[in-house]
Amino acid sequence: MNSDKTKKGVERAGHRSLMKALGLVDEEISRPFIGVVNSYNTFVPGHIHLDRLADSAKEGILLAGGMPFEFNTIGICDGIAMGHVGMHYSLPSREVIADSIELQVMAQQMDALLFVSSCDKILPGQLMAAARVNIPSIFVTGGPMATGCCNDQGIDLTSVFEAVGKYKAGKITEKAVWELEEYACPGAGSCSGLYTANTMACMTEALGMSLPGCATALATDAKKQRIAKKSGMQLLKLLEKDIKPKDIMTMQAFENAVRLDMSIGGSTNTALHLPAIAHECGLELTLDLFDKISKETPHLASLRPSGMHHMSDLDAAGGVQAVLDKIKGRLNQKTLTVTAKTLGENLKELRIINPAKNKEVIRDLDNPYHKEGGIAVLRGNLAPRGAVIKQSAVDSKMLKHTGPARVFDSEDEANKVIMAGKIKKGDVIFIRYEGPRGGPGMREMLQGTAAIEGMGLSDSVALVTDGRFSGGTQGPCIGHVSPEAAEGGPIAIVRDGDVIEIDVPARRLNVKISDEEIKNRLKAWKKPEKKLTGYLKRYARLVSSADKGAVLD
């Protein structure tokens, strides 16, 4: 046991004395030491209930003979950080979370870890840490928020952001915006569509790092408390069998997760987070693999923001396991999971309570919503190393589009013009210097994209950026353009009026100027200087590009 280094032998009497200051007795000190990593805080809706989940998990650990020790990590709410300087800090927090867990666990020498986690950067950061310290681990994801309701319609956070665009366009009143604001988010949990938080929870279950059913069980459902308790009990079995994260998160498991991602039409942020987690496992997960799997995998579940169903519907239809069962012929079923069984063995135990609902929410392979998966990777003279689009969220007539560039050197500049109603049909909005290094921090852009949707322009206006998009984004929004503008990528030399060619089926993203003109413009290009301080200054110096997962080198 790792914890024996801190508590065994006469030489550790002083250490045990400090443990007894916590109120521990010898019988408790003799047990395996289990770290309970919790991102609970009272500022983020996805986290306000995690204290109760952690309590249930600790009860499970005690029932199974372990000794739980809880500690916290930070958690940023992307919705509250959206559209202002705060979003510069969201993606960078992922590395701080991973680092802080490594520091705590290695210093205290814990034997196993139970992660209680929710939301966009927190869950990926914790998965990165689990791979890095590589001791037996299990995840309890916080669960989706219940669906909001207004005027007898299911609503969510994206409904509110889009309402702002409708208001700016004169389509609805300020009172109507307030009504949506009042009822869209009814309580604890991660926002109720398939946004990044819930996508990553699904990825965690598909990777095999959480118990079956965990990802979609609602935050407020007693089922989630029971899953937390069972997870605490199961962790002691993983410790006994010495099953570690890197035994579970193999290349085959990552491929399974990507295939699930394509089947459900998840957030484009998976193209940042899964490669970063794989990197901690010593594996390389490329954009080419995402695109290859997408071309082979039909889109079976139509979930918000671009679809009609919410996470509660997916849970009622059998959740992640039901989707995996639909595509099991295309999965590696021999991958190990935290059940200590294989993925295939878990699927044999699947029981669908409502088969009719399953058919409605999760379509069969021969009746998909789209023939290809949710994400496509585009390349061309604007994105030599790739760019990412959620093709399942794009109006069919915008899968191919040619239009003039409207160029902005920051999200703030673009949002002012968008909110002022100065974007025309056919425009291709370019937002640059928002990449991992150039932002820094690769800001999400839900405020602008939701406004475009609300104004009714998503079937005529495209957006291209070296930044990224919220999982709540829909429409022809192309992000992660690599190399980014701050690296001197071609996106840096696009000018107003340049003709942009987008062809999603052909996977092309080009500016229609000659190679010679691109070279000449790049020769004349000078990187704008940004005055940075503190963590962002260090982050900008160390972060890799989006196509590499924006990991720190």
Side-chain angles (χ1 to χ4, degrees), residues 1-41 50-75 95-117 122 125-140 209-211 228-249 280-282 336-340:
M1 291 285 184
N2 292 335
S3 63
D4 288 350
K5 300 170 189 173
T6 69
K7 64 187 183 184
K8 283 287 182 78
V10 175
E11 299 83 2
R12 295 295 185 252
H15 300 63
R16 292 192 297 274
S17 181
L18 289 169
M19 294 172 192
K20 289 178 179 179
L22 302 174
L24 300 185
V25 297
D26 288 330
E27 288 80 1
E28 290 173 308
I29 294 171
S30 68
R31 291 181 170 197
F33 282 6
I34 310 298
V36 177
V37 188
N38 193 355
S39 56
Y40 164 77
N41 63 63
L50 297 187
D51 55 340
R52 300 192 298 277
L53 282 185
D55 287 344
S56 294
K58 287 185 287 186
E59 289 171 10
I61 291 167
L62 288 167
L63 281 170
M67 186 62 222
F69 295 91
E70 186 174 355
F71 65 93
N72 282 80
T73 61
I74 61 171
E95 320 318 300
V96 174
I97 290 163
D99 291 348
S100 67
I101 295 168
E102 177 191 4
L103 291 168
Q104 183 81 38
V105 172
M106 297 308 294
Q108 312 297 176
Q109 287 296 297
M110 297 169 188
D111 298 312
L113 294 171
L114 187 145
F115 293 83
V116 183
S117 185
I122 299 89
Q126 290 191 3
L127 283 162
M128 291 164 68
R132 193 181 298 176
V133 300
N134 201 36
I135 58 177
S137 299
I138 197 167
F139 278 73
V140 178
M209 290 300 295
S210 62
L211 290 179
K229 194 172 292 186
K230 289 179 179 178
S231 297
M233 298 168 69
Q234 181 63 22
L235 181 56
L236 272 294
K237 294 180 182 177
L238 295 174
L239 179 60
E240 180 185 348
K241 295 176 181 288
D242 196 31
I243 296 174
K244 299 174 181 175
K246 288 184 181 178
D247 299 324
I248 295 171
M249 292 193 288
E280 294 290 350
C281 294
L336 188 62
T337 74
V338 291
T339 63

Please report the shortest heavy-atom distance between [X] and [Y], naming the atom on each side.
X: P32; Y: M1; answer: CG-CE, 3.9 Å
X: L235; Y: P136; answer: CD1-O, 3.6 Å
X: G125; Y: I97; answer: C-CG2, 4.0 Å
X: E280; Y: A131; answer: CB-CB, 3.8 Å
X: R16; Y: G9; answer: NH1-O, 2.6 Å
X: G66; Y: R31; answer: O-NH1, 3.2 Å

Inset, instruction - Indicate yes or no: does D247 engage K244 in a salt bridge with an N to O separation below 4.0 Å. - result: no

Inset, instruction - May I ask you to say whether D99 pairs ionically with R132, meaning some side-chain N is under 4.0 Å from a carboxylate O? - result: yes

Any side-chain to backbone donor/acceptor pair from [X] onto [Y]? Under 3.5 Å, distance only.
X: Q234; Y: V338; answer: yes
X: E28; Y: V25; answer: yes
X: N2; Y: D111; answer: no
X: K7; Y: I29; answer: yes

Can you measure from [atom1] ([X]) to [atom2] ([Y]) and round to the nearest 0.5 angstrom?
X: I138; Y: S210; atom1: CD1; atom2: OG; result: 7.5 Å
X: I74; Y: N72; atom1: CD1; atom2: CG; result: 11.0 Å
X: L236; Y: L114; atom1: CG; atom2: CG; result: 10.0 Å
X: M249; Y: S137; atom1: CE; atom2: OG; result: 8.0 Å
X: L62; Y: M67; atom1: CG; atom2: CE; result: 6.0 Å
X: F69; Y: L24; atom1: CZ; atom2: CG; result: 5.0 Å

Legend entry - Audit row: Y40, V116, side chain to side chain contact (heavy atoms under 4.5 Å, CB included) steps and yes/no: CA-CA 8 Å; Y40 164 77; V116 183; over 6 Å; no

Inset, instruction - Determine, step by step, whether D55 and R52 satisfy the salt bridge (Lys or Arg N to Asp or Glu O under 4.0 Å) criterion, reporting the C-alpha distance in whole Å, the side-chain angles of both residues, the deciding distance to 0.1 Å, and the verdict. - result: CA-CA 5 Å; D55 287 344; R52 300 192 298 277; over 6 Å; no

Inset, instruction - Apply side chain to side chain contact (heavy atoms under 4.5 Å, CB included) to the pair V37 and Q104, showing each step before the final yes or no. - result: CA-CA 10 Å; V37 188; Q104 183 81 38; over 6 Å; no

Inset, instruction - Inspect the surroundings of NZ in K246 and state if more than 12 heavy atoms from other residues, nucleotides or ligands are less than 6.0 Å away. - result: yes

Inset, instruction - Would you mind telling me which of Q109, H15, Q108 makes a side-chain hydrogen bond (donor to acceptor under 3.5 Å, both in side chains) with K5? - result: Q109

